[in-house]
Amino acid sequence: MSKTPESASLRRLPSVEKLLSRPELEALSREFGRALVLEATRAQLGELRRETSEESIESGLSRIEAAIRARIETAVSPSLRRVVNATGILVHTNLGRAPLSEAAIAALAEIARGYSNLELDLETGKRGSRHRHAERLFAVFFPEKKTLVVNNAAAALMLALNTFALGKEVVISRGELVEIGGSFRVPDILERSGARLREVGTTNKTRLSDYASVIGPETGAILRVHPSNFRVVGFTESTPTADLVRLGKERGLPVIEDFGSGNLLSLSAFGLPEEPTASESLASGVDLSIFSGDKLLGGPQAGILVGEPSRVEACKKNPMARALRVDKLIYAALEATLSAYMRGRGVEEIPILRMLALPAEAIRARALALVERLGRVGSLEIDVQPGASFVGGGAAPDAEIPTWVIALQPKDRSPDDLLEALRRNDPPVLARISEDRVLLDLRTIHPDEELILEKALRTL
Ligand SMILES: *Cc1c(COP(=O)(O)O)cnc(C)c1O
């Protein structure tokens, strides 16, 4: 008879009261408060009660106490954790997109710590608008335009459509009705804004005449979505933005561009395929351009609406703008980020741009040095080989940036298991697999983080 009957196991479990009066749990109560300890103790005993194996019941009081401590420590620690991004994907939405510049972090801390003039005009002592903060800096990049900052690009799009096309139609090409990232589907956002979708053309071809033929009294706006994370290749035709702008002007309709990645600088400066910059998007004459703050701009999560002053004013006056507004921390980080551009120090100070600009040779030298410091790791074959980094996050979808990667071939487990082991490191290291090897790209790893990576590999 190897199995203990459940009733016998239950009898052997200590009571909550007995556990709580033991020194270890009394110490826990002093550290974390009695309520948390009580809850964790109940949960732990409940779990043991559900288990029938003799082994778990026999585990002894000190093991039960250790399990209670572990429970509490997990419960009180944040679930949002720092990770090391070894994927080489610069704007990785799952990993929180752009790391902030030191100046942005300092500004965040300063504004977070105390009070600020968020909505106060220090000249007059009267109430001011929070919008003026970022607007003042954006005006340097977009002269004669106005700017509005909201929660993210999806919110900006929602606000623009709600402002100009509530109960009306928004004309959009079928080639641009896309899903951007896991949860951003242009048609869904569009309908929730209160506008009706009016699709024109086909997936691969949409001509100016397609737009022109559906415009009527029901039309509220024309929308163009920048193909940021997809390309329609082959037999294609899309209407040049300039033609849409002319059509919009003729019919008195705003042309809104969902521009996506929001690069203020030309990507060709980084050896990437030419993509229009935010100012070029506006120079084409669109009424409103919408982009994210935390992609290639390299700032905090935000949605930037830039455009014709009267159009931006209309968005600002929409009561929905109040529901989508950003807090002081976002302005603090955004202003510090924009200031780096203004001082011509973007590539030096803004992590996304700095990583984008790293020459492959410099990454190779760091990878070789790291592998040399590491020496032999019994369970791994380690090589440094050419590879590709990616912009990610809806910018230049097919552009590969030459890099060098540390390629790991595990001897005692599958690449998936190795990937998982790295993910369980503290802090977690995120890598990717290609051709049965686990690849680590130092482009997205700050030199300060190399030691973490080194230790993680050594303990494998
Ligand atoms: C990334 C992206 C969005 C979504 O931006 P969020 O700031 O995450 O809301 C919308 N449109 C395009 C074209 C994008 O690339």
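Quick caveat, the model's predicted, so the values are computed rather than measured. As the structure lists them, so they are numbered: ligands from 1, and atoms in each ligand from 1.
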* Nearest non-hydrogen partners of Val200 and Val171, listed with the distance ->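 Between these two residues, the closest heavy atoms are CG1-CG1, 3.8 Å.
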
* Quick one: does Ala302 get an N or O within less than 3.5 Å of an N or O on ligand 1? -> no

* To do: Report yes if Phe259 has an N/O atom closer than 3.5 Å to an N/O atom of ligand 1; otherwise report no.
  => no

* Measure the acute angle between the ring planes of Tyr331 and His133, then classify it against the limits of 30° and 60° as parallel, tilted or perpendicular. => tilted

* Parallel, tilted or perpendicular, as decided by the 30° and 60° cut-offs, for the rings of Phe291 and Phe138 ->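 Answer is perpendicular, since the angle exceeds 60°.
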
* Asked: So between Asp294, Leu296, Ile189, Asp258, whose heavy atom ends up nearest atom 10 (C) of ligand 1?
  -> Asp258

* Should one rank Ser292, Ala156, Gly260 by closest heavy-atom distance to atom 5 (O) of ligand 1, which comes out on top? ->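 The nearest heavy atom belongs to Ser292.
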
* Structure fact -> Here the gap from Glu110 atom CD to Ser116 atom OG, rounded to the nearest 0.5 Å, amounts to 10.0 Å

* Asked: Does ligand 1 have an atom that lies less than 4.0 angstrom from a heavy atom of Gln301?
  -> no

* Heavy-atom gap Arg97 to ligand 1 smaller than 4.0 Å -> yes

* Asked: Residues two or more places apart in sequence or in another chain: which of them pass salt bridge (charged side-chain N to carboxylate O under 4.0 Å, His left out) with Asp287?
  ->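 With neighbours one apart ignored, the set is Arg311.
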
* For the residue pair Ser101 and Glu349, confirm or rule out a side-chain donor-acceptor distance under 3.5 Å. => no

* Where ligand 1 meets His226 - atom numbers and elements under 4.0 angstrom, heavy-atom basis ->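 Result: 13 (C).
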
